[in-house]
Amino acid sequence: MCRVKQNLRTRGRALAVAVVLAAGTAGCSVNSPFQTAETQSIADGVAVTGIDGVDVDNIALVGGEEGGDATVTGAVENTTAEEITFTITAGSSKASTAIGPHTLVTLEDEDLTLEGIKDGAGDMTSVEVSAGGTTIPVDVPVVAPRGYYEEYAPEGYTPPPTPSETEGESEGH
């Protein structure tokens with residue numbers, strides 16, 4: 001009989017420890033939202049919502065210095081049966097392209113360039129995106145024309161010297 005009581009005591013302690021551990025860890029995610037509860041853009045650019053019949057994804061500007069030009073990148077899909085005009089405006093600069101019905105357009109293939117962007121690479125800049133009679137203000141990133149964005153550098157862009165180029169020049173002094 002002694003063994004049965006000892007076995008019940010051990011089980012009782014184990015159960016008590018399990019309850020305490022469960023209670024102690026139950027609130028770990030109370031203040032953290034589920035990752036699936038928030039829509040996030042996993043690309044370099046941003047999505048634009050609120051334009052009926054038009055999906056705008058991954059909008060970014062490829063540019064260098066403040067006040068310079070920037071190439072518009074991203075994708076726009078016209079899901080309507082009518083042709084639309086997609087326009088992006090930054091300050092006084094505007095770039096547009098026509099998109100046929102039920103067509104997906106990659107903007108970097110359209111050679112859209114905005115001139116005199118106030119912000120440089122690494123900054124967010126304010127633009128207005130228009131299509132189908134709707135205009136949406138949005139902040140988009142300005143990315144440096146490096147890596148896979150190098151081929152989208154605006155015309156006339158001169159990249160700054162790399163550290164190895166400047167080191168080579170100073171060694172000769």
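Nothing here was measured: the structure is a model prediction, and the numbers come from that model. For reference, positions follow the sequence shown, starting with 1.
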> Would you say the side-chain atoms of Glu110 and Thr97 include a donor-acceptor pair closer than 3.5 Å?
Replying inline: yes
> Can you name the closest pair of heavy atoms from Ala90 and Val127 and give their distance?
Replying inline: CB-CG1, 3.8 Å
> Would you say Glu77's side chain and Thr103's backbone share a donor-acceptor pair under 3.5 angstrom?
Replying inline: no
> Considering residues, nucleotides and ligands other than Asp52, do more than 12 of their heavy atoms fall under 6.0 Å from its CG?
Replying inline: no
> Hey, any chance Val138 and Val54 share a hydrophobic cluster, counting ILVMFWY side chains that come within less than 4.5 Å of each other, even indirectly?
Replying inline: yes
> Does a side chain donor of either Tyr152 or Asp111 reach within less than 3.5 Å of an acceptor in the other side chain?
Replying inline: no
> If you measure only the distance, is there a donor-acceptor pair under 3.5 Å linking the side chains of Ser130 and Thr87?
Replying inline: no
>> Determine whether a donor-acceptor pair (N or O, by modelled atom type, separation under 3.5 Å) exists between the side chain of Thr80 and the backbone of Glu82.
In response: yes
> Is the backbone of Glu115 close enough, under 3.5 Å, to the side chain of Ser93 for a donor and an acceptor to pair up by distance?
Replying inline: yes
> Can you name the closest pair of heavy atoms from Pro141 and Val46 and give their distance?
Replying inline: CD-CG1, 4.1 Å
> Can you check whether Gly100's main-chain N or O pairs, donor with acceptor, with Asn78's side chain at less than 3.5 Å?
Replying inline: yes
> At their closest point, which heavy atom of Ile84 faces which heavy atom of Ala131, and how far apart are they?
Replying inline: CD1-CB, 4.0 Å
>> If you compare all heavy atoms of Ser96 against all heavy atoms of Leu112, which two are closest, and at what distance to 0.1 Å?
In response: O-CD2, 3.4 Å
